[in-house]
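The analysis underlying the following values was restricted to heavy atoms, covering all of them including side chains, and did not include hydrogens, waters or symmetry mates. The chain is numbered in sequence order, starting from 1.
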Amino acid sequence: MANTAALTGINGLRDIRRSPASHLAEALESGSVEGTVVLREGPFQTMAGIRVDPRSEQGSRIAAVAGGLPARCGEVAGSDGISVLWLGPSEFLVVAPEEAHDSLGGDLIGSLTAALGDAPGQVVDLSANRTTFELSGPRARAVLEKGCALDLHPRSITPGTALNTEVGNIPVVLLKNGEDSFRLFPRASFADFLGRWLLDAMREYASPEVP
């Protein structure tokens, strides 16, 4: 058990925290095949759930803080390291670097809350709600296609597209952030299962190809 009496401020807490898939770190490293497909966890990002009418005044204020609100399914907005993912006509997921969180000297959550004010809508700190898996490499799409019903061909999903879907029967927000790279945002409680599912789906690429 951690000696919480010895912790001093937020930095002490940062030293003892564990990400939802931290126990899989060695497996993620050994299961990755450099140059083919690589799986890593990108933990501790600042996240906020937003519910607001984007056409309203409060929607405009929130858009000014976040760098924009996406207008349609699949679209991603944002600026200055902030990404705003479309979840529904009035629902969005804001993703930003860890340092943007108010507890670490940032002001993103507080600024979004202030922008909403007393108007109808919702701003919820979801930073501990999800983790992030980063899947990259020429075979990343093939791995996802084993358990994702979306058409992931480049003609259908281009970099900068984010969609709600399932991978291995686990609900995720899937962001294509490069030609051969994806980010998956599962809820923390599903991190272990999804991490192991992805590793199993990657297993064939660790073996030599059969001529």
Subject >> Shared hydrophobic cluster, V172 / L126 (ILVMFWY, side-chain heavy atoms < 4.5 Å) >> reply: no

Subject >> Flag side-chain contact, heavy atom, 4.5 Å: R187 against P171 >> reply: no

Original post:
Is there a donor-acceptor contact under 3.5 Å from the side chain of S136 to the main chain of S181?
Top reply: no

Subject >> Considering all heavy atoms, the nearest T46-P97 contact >> reply: OG1-O, 2.9 Å

Original post:
Do the side chains of F193 and P186 get nearer than 4.5 Å, heavy atoms only?
Top reply: no

Original post:
Which atoms form the tightest heavy-atom contact between D102 and G110, and what is the distance?
Top reply: OD2-N, 2.9 Å

Original post:
Shared ILVMFWY cluster between L144 and V37, side chains joined below 4.5 angstrom?
Top reply: yes

Subject >> Test side chain to side chain contact (heavy atoms under 4.5 Å, CB included) applied to R141 and H153, step by step >> reply: CA-CA 8 Å; R141 175 164 66 96; H153 193 279; 4.1 Å; yes

**OP:** Report whether L24 and Y205 are members of the same hydrophobic cluster (ILVMFWY, side-chain heavy atoms less than 4.5 Å apart, transitive linking).
**Re:** yes

Subject >> Single-linkage hydrophobic cluster, 4.5 Å side-chain cutoff, F182 and V173 together >> reply: no

Original post:
Any chance CD of E57 has more than 12 other-residue heavy atoms, nucleotides or ligands included, within less than 6.0 Å?
Top reply: no

Subject >> Residue pair T131 / A191: nearest heavy atoms and the distance that separates them >> reply: CG2-CB, 3.9 Å

Subject >> Any donor-acceptor N/O pair, E99 side chain to G105 backbone, under 3.5 Å >> reply: no

Original post:
Do S90 side-chain atoms and R51 backbone N/O form a donor-acceptor pair below 3.5 Å?
Top reply: no

Original post:
Any Lys/Arg nitrogen of R196 or D192 sitting under 4.0 Å from an Asp/Glu carboxylate oxygen of the other?
Top reply: yes

**OP:** Indicate yes or no: at least one non-hydrogen side-chain atom of L104 is less than 4.5 angstrom from one of E98.
**Re:** yes

Original post:
Is a side-chain N or O of E41 found less than 3.5 angstrom from the main chain of A21, in a donor-acceptor match?
Top reply: yes

**OP:** Give, for atom CZ of F185 and atom CG of L93, the distance between the pair rounded to the nearest 0.5 Å.
**Re:** 7.0 Å

**OP:** Please answer whether the main-chain N or O of S156 pairs with a side-chain N or O of D151 as donor and acceptor at a distance below 3.5 Å.
**Re:** no

Original post:
Is the side chain of E75 donor-acceptor paired with the backbone N or O of A71 at a distance under 3.5 Å, no angle test?
Top reply: yes

Original post:
How long is the span from the CG atom in L135 to the OG atom in S32, to the nearest 0.5 Å?
Top reply: 8.5 Å

Original post:
For the atom pair OG1 (T132) and CE (M47), what is the distance rounded to the nearest 0.5 Å?
Top reply: 3.5 Å

Subject >> Residue pair K176 / T158, side-chain heavy-atom distance below 4.5 Å >> reply: no

**OP:** Compare every heavy atom of V84 with every heavy atom of G68, then report the nearest pair and how far apart it is.
**Re:** O-CG2, 3.5 Å

Subject >> Nearest heavy-atom neighbours spanning S56 and Q58 >> reply: OG-CD, 3.1 Å

Subject >> The single option from V123, I82, L112 passing side chain to side chain contact (heavy atoms under 4.5 Å, CB included) against V65 >> reply: L112

Original post:
Do P70 and V76 come close enough that some side-chain heavy atom pair is under 4.5 Å?
Top reply: no

Subject >> Atom pair SG (C148) and CG (L163), whose distance is rounded to the nearest 0.5 Å >> reply: 8.5 Å

Subject >> Shared hydrophobic cluster, W197 / L174 (ILVMFWY, side-chain heavy atoms < 4.5 Å) >> reply: yes

Subject >> Student check: side-chain heavy atoms of V143 and L39 closer than 4.5 Å >> reply: no

Subject >> Closest non-hydrogen atom pair between A115 and R61, with its separation >> reply: O-NE, 2.6 Å

Original post:
Rounded to the nearest 0.5 Å, what separation is found between the CG atom of D125 and the CD1 atom of I109?
Top reply: 4.0 Å

Original post:
If we only count heavy atoms from C-beta on, is the T36 to R139 side-chain gap below 4.5 Å?
Top reply: yes

Subject >> From CG (L87) to CG (N164), nearest 0.5 Å >> reply: 5.0 Å

Subject >> Note, N177 side chain near E134 side chain (heavy atom, < 4.5 Å) >> reply: no

Original post:
Should we say atom CD of E166 is surrounded by more than 12 heavy atoms from elsewhere, each under 6.0 Å from it?
Top reply: yes

